[in-house]
Amino acid sequence: MSLLPCSFFLRPDVVQIARELLGKKIITRFAGEITSGVICETEAYAGVTDRASHAYGGRRTARTEVMYALGGTAYVYLCYGIHSLFNIVTSDAGTPHAVLIRGIIPAEGTEIMLRRSGKTKFTHDSGIGPGKVSKMLGIHYSHSGFILNQFDNPGNNTISLEDMGTDIDPDKITAGPRVGVDYAGTDALLPYRFMVQELILHSKP
DNA sequence: ATACCGATTAACT
DNA sequence: GTTAATCGGTATA
């Protein structure tokens, strides 16, 4: 296992990055509590030209300003007044691309994640749903702007992304339209949602 | 200053 | 399958 390099997030094709994030591990350390999960569902939001994106048309507000940061920054915002939704900003600074993490398979720190989600045991879909992802990993919208893979934050808090040393079999990846973006006209039909129904990892020597 | 609504979830029937 | 919960962001005035 190794940290994903900055260059991974700085590439221009957000759709490809969304696809490649499947099978990667996201790890958080908050208040000394370490939790992690393997990404199994993502959605790409393609910046100023994507009507489903918060940055459509180059819009900049206090909330969306973070989307214009350098790739590898966290964009977290509140949805329905309750849920923190975690996105990874990609591409160069000034290009507001982002990938929404919609689902993880719980890995380390399962007891902590159960506690955070108010559950006593996991089911097959405990980590599926963008609000649940943030809840389990302890990510809050106040973390928007957090730099990923940075280890010198106060309290040693970190959000990091690791390569598992394995790749998802492309045949196991399903692409389809994004959730809840009906307002986006023809862009609502774009196949920018990716998931791995069976998260089968292919071992690498 | 005010009103509307959402990249959702959990708890129901 | 249906629906209540819940509040910051954004547009409108």
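Everything quoted here is computed from the prediction, not taken from an experiment. Side chains are part of it too, since the values below use all heavy atoms of this structure and drop only hydrogens, waters and symmetry mates. A, B, ... follow the sequence lines: proteins, then strands. Residue 1 opens every chain.
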Taking heavy atoms of chain A and a 4.0 Å limit, find me the 5'-most and 3'-most nucleotide of DNA chain C within that range.
C:dA5 to C:dA11

Under 4.0 Å, heavy atoms only, any strand: does A:Arg193 hit a base, just the sugar-phosphate, or nothing?
nothing

To the nearest 0.5 Å, tell me how far [X] [atom1] sits from [Y] [atom2].
X        : Y        : atom1 : atom2 : answer
A:Ser36  : A:Ile104 : OG    : CD1   : 8.0 Å
A:Ile147 : A:Ile159 : CD1   : CD1   : 10.0 Å
A:Thr35  : A:Ile112 : OG1   : CD1   : 6.5 Å

Any strand is fair game: report the nucleotide pairing with C:dT6 by Watson-Crick or G-U wobble, both distances under 3.5 Å, or none.
none

Paired to B:dA7 by Watson-Crick or G-U wobble criteria (both distances under 3.5 Å) is none

Do you know which two heavy atoms are closest between A:Tyr183 and A:Ala52, and how far apart they sit?
OH-O, 3.2 Å

Is there a donor-acceptor pair closer than 3.5 Å between any side-chain N or O of A:Ser2 and the backbone N or O of A:Asp163?
no

Has A:His140 got a side-chain atom pairing as donor or acceptor with A:Ser142's backbone, closer than 3.5 angstrom?
yes

Heavy-atom count around A:Tyr192 OH within 6.0 Å, excluding the residue itself: above 12?
no

Say whether A:Ile34 and A:Ile105 are linked into one hydrophobic cluster, either directly or through other cluster members, by side-chain heavy-atom distances under 4.5 angstrom.
no

Protein heavy-atom contacts under 4.0 Å, written 5' to 3' over nucleotides 7-13 of chain B as B (base), S (sugar-phosphate only) or - (none), form the string BBSS---

